[in-house]
Amino acid sequence: MKKQIRFMETVLRDGQQSLIATRMPTADMLPIIHTLDEVGFHSLEMWGGATFDSCVRFLNEDPWERLRSIRKEVKNTKLQMLLRGQNLLGYRHYADDVVREFVEKSVKNGIDIIRVFDALNDTRNLQTAITAAKEAGGHCQTAISYTTSAIHTVDYFVQLAKEMEHTGADSICIKDMAGVLTPETGYELVSRIKDAVSLPLEVHTHATSGISEMTYLKVAEAGADIIDTAISSFAGGTSQPATESVSIALEGLGFDTGLDLTKLSQVAEYFNPIRDRFRNEGILNPKVKDIEPKTLIYQVPGGMLSNLLSQLTEQGLQDKYEEVLAEVPRVRADLGFPPLVTPLSQMVGTQALMNVISGERYKLIPNEIKDYVRGQYGQSPAPISDEIREKIIGNDPVITCRPADLLKPELAVLRKEIDTYAKTEEDVLLYAMFPKQGRDFLGRREDPFYDVPVQEVSVTIDFS
């Protein structure tokens, strides 16, 4: 009897987010939705991450309407989203009432599975979202933000998986955002988590470093229940490995993937010209398709590598690239080895950049780094030394409670602030995530004479 393994398809979210900064409009998605629904996927990841931000900021789309439109067409496959714990889809901690309302409305509008993670693996920052998802009737999958360091051992992650099961997770994901999970470690980690907890286990990685297919083979052999891949059109490089290739390989090795290869070919044929369009428009940069083994050396996500190079090039300092890369792991060690995932990837990278450019470590310090050291993002994985803490925040107090415990309820204030333009609670939540862009979006929708300031267009990379 064949061993079963299921696939989550990422082309509608992480695949396109990793390669084209989430610029795919809903109009590109809807014509192929029926076929995607017939392939046999465990789930389609199509919301969350940077999709919400990109819809409002760049595509002039209502992200809630995207969710409803896709839900209307998908009958056989679960719809999945990515949520940043207490940060939701924004870049700060929200009060519990906002988190509960956002999760409830996500499920009500069509989400089946909510994958929730915390950048620091601080499970206190997951609890409200877990409870809200389950109360709303959704499936809550908690994600381990996988990374490597002196403290991030297999024992550490197994204990974290046990803690997640205890907090009420319905399933667990090993989320390897940088593509640094090696085949050997992946086999051991999956084997031991499967022995330690009774929940379904999913594995997510990126093709950045060139080892993802080997890792998927070993985690499949170790008993992983689900793996994440992207249709070949939007696979490889900083995205996931190709769905068709991994499926064919695993089927040949005795696994039952449940996927219809004919339907997969139709999906690829549909997305190929869309990929080519983004390439011709310059949005799909050929560099993001490159293999970057330095990811395994510096433990830096591929998108972060290209972003750092871009910033240095703009300032005529590209010769400092290797120096900045070498500084990233040092800053990370100083800060207690936070995983390099949004928002910590941006914060650590910026601090490393400032250290090198200024010529003096921690001469220039972003406010976000100060807030992190004060404990306002949660508990650092390892203690921060007294020397580093004093250098960054002086004698400022450090909080030890769950950061959201210090936040007052926000929904009533948010409703009042946007009542001129918000028609629904979903509109209020859109505004809550991105106040300036949300107000502009809702203002344009409700008032043809709404005056939106001219904004500079840029491509931002999100490392969720």
Side-chain angles (χ1 to χ4, degrees), residues 2 4-17 22 24-49 51-52 55 59 61-83 102-116 132-141 170-171 173 200 202 204 225-235 240 242-244 246-247 250-251 255-272 274 424 426:
K2 284 189 171 185
Q4 188 179 81
I5 188 162
R6 291 294 175 249
F7 283 57
M8 180 180 83
E9 173 58 51
T10 71
V11 65
L12 303 181
R13 206 287 294 177
D14 201 12
Q16 60 123 347
Q17 178 173 315
T22 335
M24 188 185 295
T26 306
D28 282 345
M29 303 175 183
L30 291 178
I32 197 64
I33 289 296
H34 278 298
T35 307
L36 280 167
D37 190 29
E38 294 170 348
V39 170
F41 293 117
H42 168 74
S43 61
L44 294 172
E45 189 191 38
M46 45 66 63
W47 216 56
T51 58
F52 210 91
C55 277
L59 301 176
E61 289 187 12
D62 183 340
W64 293 101
E65 186 55 37
R66 171 181 294 187
L67 171 55
R68 289 188 289 265
S69 297
I70 292 176
R71 176 75 281 171
K72 193 180 298 182
E73 303 299 326
V74 174
K75 308 300 181 185
N76 308 308
T77 313
K78 294 179 175 66
L79 297 184
Q80 186 159 335
M81 72 171 293
L82 181 69
L83 197 74
F102 192 94
V103 170
E104 191 273 330
K105 287 294 186 287
S106 297
V107 174
K108 181 180 178 181
N109 280 273
I111 289 295
D112 297 298
I113 303 171
I114 298 180
R115 176 180 292 173
V116 56
K134 292 168 77 71
E135 288 178 350
H139 174 112
C140 187
Q141 179 181 85
D170 294 307
S171 63
C173 173
E202 189 158 349
H204 172 97
D225 299 287
I226 311 159
I227 54 176
D228 298 356
T229 58
I231 199 73
S232 55
S233 319
F234 282 88
Q240 280 73 52
T243 303
E244 309 97 302
V246 175
S247 176
L250 290 179
E251 286 278 358
F255 288 87
D256 172 18
T257 68
L259 299 183
D260 184 327
L261 287 176
T262 301
K263 297 287 185 184
L264 278 178
S265 295
Q266 293 171 10
V267 173
E269 288 168 6
Y270 173 81
F271 278 113
N272 282 343
I274 293 174
T424 64
E426 286 83 354

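One is the number of the first residue; the rest follow in order along the sequence. Values reported hereafter were calculated over all heavy atoms of this structure, with side chains retained and with hydrogens, waters and symmetry mates removed.
- The side chain to side chain contact (heavy atoms under 4.5 Å, CB included) test applied to Ala235 returns Ala230, Ala242, not counting sequence neighbours.
- Among residue pairs with one or both ends in residues 259-270, those qualifying as side chain to side chain donor-acceptor pair (under 3.5 Å) are Glu38-Lys263; sequence neighbours excluded.
- In this view, Asn272 and Ser233, Arg275 satisfy the side chain to side chain contact (heavy atoms under 4.5 Å, CB included) rule, not counting sequence neighbours.
- With sequence neighbours excluded, the residues forming a side chain to side chain contact (heavy atoms under 4.5 Å, CB included) with Lys108 are Glu104, Lys105, listed by chain and number.
- With sequence neighbours excluded, no residue satisfies salt bridge (charged side-chain N to carboxylate O under 4.0 Å, His left out) with Lys78.
- Annotation: salt bridge (charged side-chain N to carboxylate O under 4.0 Å, His left out) contacts of Asp37 (sequence neighbours excluded): none.
- The side chain to side chain contact (heavy atoms under 4.5 Å, CB included) test applied to Arg71 returns Val74, Leu79, Asp112, not counting sequence neighbours.
- Partners of Thr10 by side-chain hydrogen bond (donor to acceptor under 3.5 Å, both in side chains), not counting sequence neighbours, listed by chain and number: Gln240.
- Partners of Phe52 by ring-ring contact (aromatic ring centres under 6.0 Å, His included), not counting sequence neighbours, listed by chain and number: Trp47, Trp64, Phe102.
- With sequence neighbours excluded, the residues forming a salt bridge (charged side-chain N to carboxylate O under 4.0 Å, His left out) with Glu65 are Arg68, listed by chain and number.
- With sequence neighbours excluded, no residue forms a side-chain hydrogen bond (donor to acceptor under 3.5 Å, both in side chains) with Ser106.
- For Glu202, the salt bridge (charged side-chain N to carboxylate O under 4.0 Å, His left out) partners are Arg115, not counting sequence neighbours.
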